[in-house]
Amino acid sequence: MRIATWNVNSLKARLPRVLEWLEYAQPDVLCMQETKLADDAVPVMDFEAIGYTVLHHGEGRWNGVAIASRVGVTEDRSGFGELVDPYEGEARLVAGTCGGVRVASVYVPNGRALGTDTYERKLEWLDRLLEWLDASHSPDEPLVVCGDFNVAPEDRDVYDPRAFEGATHVSDAERKRYQALLDWGFTDAFRQLYDDDRLYTWWDYRAGNFHKHKGLRIDHVLVTAPLRDRVTWALVDRNARKGEKPSDHAPLLVDLAL
DNA sequence: ATGGTAGCGCTGCTA
(Lines give C-alpha, C1' and ligand atoms only; values in the text may rest on other atoms or scores of the structure.)
Protein backbone atom coordinates (compact mmCIF):
# COMPACT_ATOMS: atom_id res chain seq x y z
CA MET A 1 0.00 0.00 0.00
CA ARG A 2 1.33 3.39 -0.96
CA ILE A 3 0.16 6.17 1.36
CA ALA A 4 0.93 9.85 0.93
CA THR A 5 0.33 13.11 2.73
CA TRP A 6 0.27 16.55 1.15
CA ASN A 7 -0.70 19.97 2.40
CA VAL A 8 -2.15 21.22 -0.89
CA ASN A 9 -2.82 24.83 0.22
CA SER A 10 -6.26 25.07 -1.42
CA LEU A 11 -7.61 22.06 -3.30
CA LYS A 12 -9.43 24.46 -5.59
CA ALA A 13 -6.23 26.23 -6.65
CA ARG A 14 -4.25 22.96 -6.64
CA LEU A 15 -6.75 20.60 -8.31
CA PRO A 16 -4.87 20.18 -11.63
CA ARG A 17 -1.61 19.58 -9.80
CA VAL A 18 -3.20 17.09 -7.39
CA LEU A 19 -4.94 15.09 -10.14
CA GLU A 20 -1.79 15.06 -12.26
CA TRP A 21 0.23 13.96 -9.25
CA LEU A 22 -2.15 11.14 -8.35
CA GLU A 23 -1.84 9.77 -11.86
CA TYR A 24 1.93 9.57 -11.84
CA ALA A 25 2.65 8.89 -8.14
CA GLN A 26 -0.13 6.28 -7.92
CA PRO A 27 -0.72 6.36 -4.15
CA ASP A 28 -3.46 4.11 -2.80
CA VAL A 29 -4.26 6.73 -0.18
CA LEU A 30 -3.61 10.47 -0.22
CA CYS A 31 -4.19 12.50 2.93
CA MET A 32 -4.63 16.18 2.17
CA GLN A 33 -4.58 19.25 4.39
CA GLU A 34 -5.59 22.85 3.86
CA THR A 35 -8.15 22.03 1.19
CA LYS A 36 -9.83 25.34 2.11
CA LEU A 37 -13.16 23.93 0.90
CA ALA A 38 -16.59 23.26 2.32
CA ASP A 39 -17.67 19.62 1.98
CA ASP A 40 -20.15 20.38 -0.79
CA ALA A 41 -17.50 22.18 -2.85
CA VAL A 42 -15.17 19.20 -3.14
CA PRO A 43 -14.77 18.13 -6.80
CA VAL A 44 -15.50 14.48 -6.02
CA MET A 45 -16.23 13.65 -9.67
CA ASP A 46 -12.72 14.60 -10.74
CA PHE A 47 -11.32 12.17 -8.18
CA GLU A 48 -13.79 9.42 -9.01
CA ALA A 49 -12.86 9.72 -12.69
CA ILE A 50 -9.36 8.50 -11.83
CA GLY A 51 -10.47 5.89 -9.31
CA TYR A 52 -10.42 7.69 -5.96
CA THR A 53 -13.17 8.21 -3.43
CA VAL A 54 -12.84 11.22 -1.16
CA LEU A 55 -13.62 11.61 2.52
CA HIS A 56 -13.56 15.34 3.27
CA HIS A 57 -14.01 17.45 6.37
CA GLY A 58 -14.00 21.17 5.78
CA GLU A 59 -15.64 24.40 6.73
CA GLY A 60 -14.57 26.44 3.70
CA ARG A 61 -12.07 29.24 3.36
CA TRP A 62 -9.53 27.93 5.89
CA ASN A 63 -8.21 24.54 7.00
CA GLY A 64 -9.99 21.47 5.63
CA VAL A 65 -8.67 17.88 5.66
CA ALA A 66 -9.37 14.95 3.37
CA ILE A 67 -8.52 11.36 2.52
CA ALA A 68 -8.60 10.27 -1.12
CA SER A 69 -8.44 6.49 -1.52
CA ARG A 70 -8.57 3.98 -4.33
CA VAL A 71 -8.86 1.08 -1.85
CA GLY A 72 -12.03 2.40 -0.25
CA VAL A 73 -12.55 4.62 2.77
CA THR A 74 -15.13 3.80 5.45
CA GLU A 75 -16.07 4.55 9.06
CA ASP A 76 -15.55 8.24 8.62
CA ARG A 77 -15.25 10.51 11.56
CA SER A 78 -14.11 14.06 11.89
CA GLY A 79 -12.81 16.10 14.79
CA PHE A 80 -12.17 14.96 18.35
CA GLY A 81 -15.69 13.70 19.01
CA GLU A 82 -16.64 14.17 22.67
CA LEU A 83 -13.34 15.83 23.55
CA VAL A 84 -13.13 19.61 23.69
CA ASP A 85 -11.36 20.99 20.60
CA PRO A 86 -9.16 24.03 21.36
CA TYR A 87 -9.77 25.04 17.74
CA GLU A 88 -13.49 24.30 17.74
CA GLY A 89 -15.09 24.90 14.35
CA GLU A 90 -11.86 24.42 12.41
CA ALA A 91 -11.59 21.28 10.27
CA ARG A 92 -8.24 19.76 11.24
CA LEU A 93 -8.84 16.03 11.68
CA VAL A 94 -10.54 13.37 9.61
CA ALA A 95 -10.16 9.61 9.91
CA GLY A 96 -11.29 6.57 7.97
CA THR A 97 -10.36 2.96 7.22
CA CYS A 98 -8.64 2.28 3.91
CA GLY A 99 -7.91 -1.30 2.91
CA GLY A 100 -7.84 -2.49 6.51
CA VAL A 101 -5.61 0.32 7.74
CA ARG A 102 -6.91 3.04 10.01
CA VAL A 103 -5.87 6.38 8.52
CA ALA A 104 -6.08 9.89 9.99
CA SER A 105 -5.32 13.11 8.13
CA VAL A 106 -4.34 15.90 10.51
CA TYR A 107 -3.66 19.60 10.13
CA VAL A 108 -2.05 20.78 13.34
CA PRO A 109 -2.55 24.51 14.08
CA ASN A 110 0.33 26.78 13.06
CA GLY A 111 0.64 28.61 16.37
CA ARG A 112 1.99 31.83 14.84
CA ALA A 113 4.23 32.98 17.69
CA LEU A 114 5.29 31.86 21.15
CA GLY A 115 3.38 33.44 23.98
CA THR A 116 0.22 33.94 21.95
CA ASP A 117 -3.16 32.42 22.57
CA THR A 118 -2.99 30.52 19.28
CA TYR A 119 0.32 28.96 20.32
CA GLU A 120 -1.05 27.86 23.69
CA ARG A 121 -4.03 26.32 21.93
CA LYS A 122 -1.69 24.58 19.46
CA LEU A 123 -0.09 22.81 22.42
CA GLU A 124 -3.53 21.95 23.76
CA TRP A 125 -4.57 20.67 20.32
CA LEU A 126 -1.57 18.31 20.28
CA ASP A 127 -2.46 17.16 23.80
CA ARG A 128 -6.00 16.54 22.62
CA LEU A 129 -4.78 14.53 19.62
CA LEU A 130 -3.01 12.19 22.01
CA GLU A 131 -6.10 11.95 24.22
CA TRP A 132 -8.21 11.19 21.15
CA LEU A 133 -5.79 8.44 20.12
CA ASP A 134 -5.90 7.01 23.64
CA ALA A 135 -9.68 7.14 23.74
CA SER A 136 -10.46 5.67 20.32
CA HIS A 137 -7.37 3.86 19.04
CA SER A 138 -4.62 1.49 20.10
CA PRO A 139 -0.90 1.37 19.31
CA ASP A 140 -1.45 -2.33 18.60
CA GLU A 141 -3.71 -1.71 15.62
CA PRO A 142 -2.50 -0.86 12.11
CA LEU A 143 -2.84 2.90 12.24
CA VAL A 144 -1.34 5.73 10.20
CA VAL A 145 -1.60 9.32 11.39
CA CYS A 146 -0.20 11.66 8.80
CA GLY A 147 -0.36 15.28 7.85
CA ASP A 148 1.02 18.72 8.46
CA PHE A 149 2.12 18.69 12.10
CA ASN A 150 3.66 22.16 11.98
CA VAL A 151 6.45 20.77 14.16
CA ALA A 152 10.06 20.22 13.06
CA PRO A 153 11.03 17.40 15.42
CA GLU A 154 14.78 18.13 15.55
CA ASP A 155 17.22 20.88 14.62
CA ARG A 156 18.35 18.83 11.61
CA ASP A 157 14.81 19.28 10.27
CA VAL A 158 15.34 23.07 10.11
CA TYR A 159 17.44 24.88 7.49
CA ASP A 160 18.84 27.37 9.99
CA PRO A 161 18.12 26.48 13.62
CA ARG A 162 19.57 29.78 14.82
CA ALA A 163 17.12 31.73 12.71
CA PHE A 164 14.30 29.81 14.40
CA GLU A 165 15.35 30.45 17.99
CA GLY A 166 12.27 31.59 19.85
CA ALA A 167 9.99 30.68 16.96
CA THR A 168 7.15 28.21 16.64
CA HIS A 169 7.54 24.77 15.05
CA VAL A 170 10.79 24.17 16.96
CA SER A 171 10.01 25.03 20.59
CA ASP A 172 10.67 22.50 23.32
CA ALA A 173 6.98 22.37 24.19
CA GLU A 174 5.98 21.52 20.61
CA ARG A 175 8.74 18.95 20.22
CA LYS A 176 7.75 17.41 23.55
CA ARG A 177 4.22 16.89 22.19
CA TYR A 178 5.58 15.33 19.00
CA GLN A 179 7.77 13.02 21.09
CA ALA A 180 4.73 12.08 23.16
CA LEU A 181 3.11 10.77 19.98
CA LEU A 182 6.17 8.62 19.30
CA ASP A 183 6.15 7.46 22.92
CA TRP A 184 2.51 6.46 22.54
CA GLY A 185 3.57 3.95 19.92
CA PHE A 186 4.26 5.71 16.65
CA THR A 187 7.30 5.54 14.42
CA ASP A 188 8.24 8.39 12.10
CA ALA A 189 8.18 6.36 8.87
CA PHE A 190 10.41 8.76 6.97
CA ARG A 191 13.05 9.04 9.70
CA GLN A 192 13.13 5.28 10.05
CA LEU A 193 14.55 5.08 6.52
CA TYR A 194 16.51 8.32 6.16
CA ASP A 195 18.95 9.68 8.68
CA ASP A 196 20.09 12.70 6.64
CA ASP A 197 19.54 16.33 7.52
CA ARG A 198 18.16 18.95 5.13
CA LEU A 199 15.28 16.76 4.03
CA TYR A 200 12.38 19.17 4.08
CA THR A 201 8.69 19.05 3.22
CA TRP A 202 7.84 22.77 3.32
CA TRP A 203 9.48 25.87 1.90
CA ASP A 204 8.14 29.41 2.32
CA TYR A 205 6.88 30.85 -0.95
CA ARG A 206 8.72 34.05 -0.17
CA ALA A 207 12.29 35.01 -0.98
CA GLY A 208 12.85 32.02 -3.24
CA ASN A 209 13.35 29.77 -0.24
CA PHE A 210 12.69 26.55 -2.16
CA HIS A 211 15.52 27.24 -4.58
CA LYS A 212 17.79 28.20 -1.68
CA HIS A 213 16.98 24.87 0.03
CA LYS A 214 15.62 26.78 3.01
CA GLY A 215 12.85 24.56 4.32
CA LEU A 216 11.45 22.65 7.28
CA ARG A 217 10.46 19.02 7.75
CA ILE A 218 7.02 19.47 9.28
CA ASP A 219 4.88 16.94 7.39
CA HIS A 220 5.04 13.45 8.83
CA VAL A 221 3.72 9.92 8.42
CA LEU A 222 3.42 8.16 11.77
CA VAL A 223 2.81 4.43 11.85
CA THR A 224 2.08 2.04 14.71
CA ALA A 225 4.09 -1.10 15.54
CA PRO A 226 2.15 -3.50 13.28
CA LEU A 227 3.17 -1.34 10.31
CA ARG A 228 6.63 -0.24 11.41
CA ASP A 229 8.50 -3.19 9.93
CA ARG A 230 6.41 -3.05 6.79
CA VAL A 231 7.70 0.37 5.71
CA THR A 232 9.74 -0.42 2.59
CA TRP A 233 10.22 2.98 0.95
CA ALA A 234 9.64 6.68 1.53
CA LEU A 235 10.13 9.84 -0.49
CA VAL A 236 9.54 13.57 -0.36
CA ASP A 237 8.51 14.39 -3.93
CA ARG A 238 10.29 17.71 -4.38
CA ASN A 239 9.31 17.79 -8.05
CA ALA A 240 5.76 18.54 -6.95
CA ARG A 241 7.07 21.73 -5.29
CA LYS A 242 8.34 22.96 -8.68
CA GLY A 243 6.58 24.17 -11.80
CA GLU A 244 3.27 25.94 -12.29
CA LYS A 245 1.37 26.98 -9.16
CA PRO A 246 2.90 24.59 -6.66
CA SER A 247 1.79 24.21 -3.06
CA ASP A 248 4.35 25.42 -0.53
CA HIS A 249 4.51 21.81 0.72
CA ALA A 250 5.79 18.74 -1.12
CA PRO A 251 3.98 15.41 -0.85
CA LEU A 252 5.50 12.74 1.39
CA LEU A 253 5.03 9.14 0.23
CA VAL A 254 5.47 5.92 2.18
CA ASP A 255 5.16 2.35 0.90
CA LEU A 256 3.87 -0.33 3.25
CA ALA A 257 4.26 -4.03 2.45
CA LEU A 258 0.57 -4.88 2.80
C1' DA B 1 18.44 44.36 2.85
C1' DT B 2 14.45 42.38 8.87
C1' DG B 3 11.96 42.03 3.03
C1' DG B 4 9.63 38.45 0.30
C1' DT B 5 4.57 35.05 -1.97
C1' DA B 6 0.28 32.73 -2.21
C1' DG B 7 -4.77 31.96 -1.27
C1' DC B 8 -9.18 33.71 -0.04
C1' DG B 9 -12.10 37.27 -1.25
C1' DC B 10 -12.56 42.08 -1.35
C1' DT B 11 -10.26 43.97 3.61
C1' DG B 12 -6.88 42.24 5.76
C1' DC B 13 -6.10 37.71 7.63
C1' DT B 14 -3.59 33.31 7.51
C1' DA B 15 0.34 30.75 6.59
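Residue numbering restarts at 1 for every chain, and letters A, B, ... go by the order of the sequence lines. None of the values given here were measured: they were computed from a predicted structure.
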Interatomic distance, Leu11(A) CG vs dG7(B) C1' [rounded to whole Å]
13 Å
Got a salt bridge between Asp160(A) and Arg162(A), using NZ or NE/NH1/NH2 to carboxylate O under 4.0 Å?
no
Rounding to an integer number of Å, can you tell me how far Asp204(A) CG sits from dA6(B) C1'?
10 Å
Toward the 5' end of DNA chain B, by each residue's nearest nucleotide, Asn150(A) or Lys245(A)
Lys245(A)
Interatomic distance where NZ belongs to Lys214(A) and P belongs to dG3(B) [whole Å]
14 Å
Residue whose closest nucleotide on DNA chain B lies nearer the 5' end, Glu90(A) versus Arg14(A)
Arg14(A)
How many whole angstroms separate atom CD of Glu59(A) from atom P of dT14(B)?
13 Å
Look at the side-chain N and O atoms of Arg112(A) and state whether any lies under 4.0 Å from the OP1 or OP2 oxygen of dT14(B).
yes
When rounded to the nearest 0.5 angstrom, what is the spacing between OH in Tyr178(A) and CZ in Phe149(A)?
6.0 Å
Heavy atoms under 4.0 Å, any strand shown: does Tyr107(A) hit a base, just sugar-phosphate, or nothing?
sugar-phosphate
In whole Å, what separates the C1' atom of dA15(B) from that of dG4(B)?
14 Å
Among side-chain atoms of Gln192(A) and Asp188(A), is any donor-acceptor pair under 3.5 angstrom?
no
Would one find a side-chain N or O of Ser10(A) under 4.0 angstrom from OP1 or OP2 of dC8(B)?
yes
Taking CD from Glu244(A) and P from dA6(B), how many angstroms apart are they, rounded to a whole number?
11 Å
Is the closest basic N to carboxylate O distance between Asp157(A) and Arg217(A) below 4.0 Å?
yes
Within this structure, what is the NE2-to-P distance between His249(A) and dG7(B), rounded to whole angstrom?
13 Å
Among dA15(B), dG7(B), dG12(B), find the nucleotide with the atom closest to the side chain of Glu34(A).
dA15(B)
Can you tell which of dA15(B), dC8(B), dA6(B) lies closest to the side chain of Asn110(A)?
dA15(B)
May I ask you to say whether Arg177(A) pairs ionically with Asp127(A), meaning some side-chain N is under 4.0 Å from a carboxylate O?
yes
Protein-nucleotide distance (Arg92(A), atom CZ; dA15(B), atom P), rounded to Å
6 Å
Using the P atom in both, what is the distance from dG3(B) to dG7(B), to the nearest Å?
23 Å
Between dG12(B), dA15(B), dG7(B), which nucleotide has the shortest distance from any of its atoms to the side chain of Arg206(A)?
dA15(B)
Between atom CZ in Arg17(A) and atom P in dA6(B), what is the gap in whole Å?
13 Å
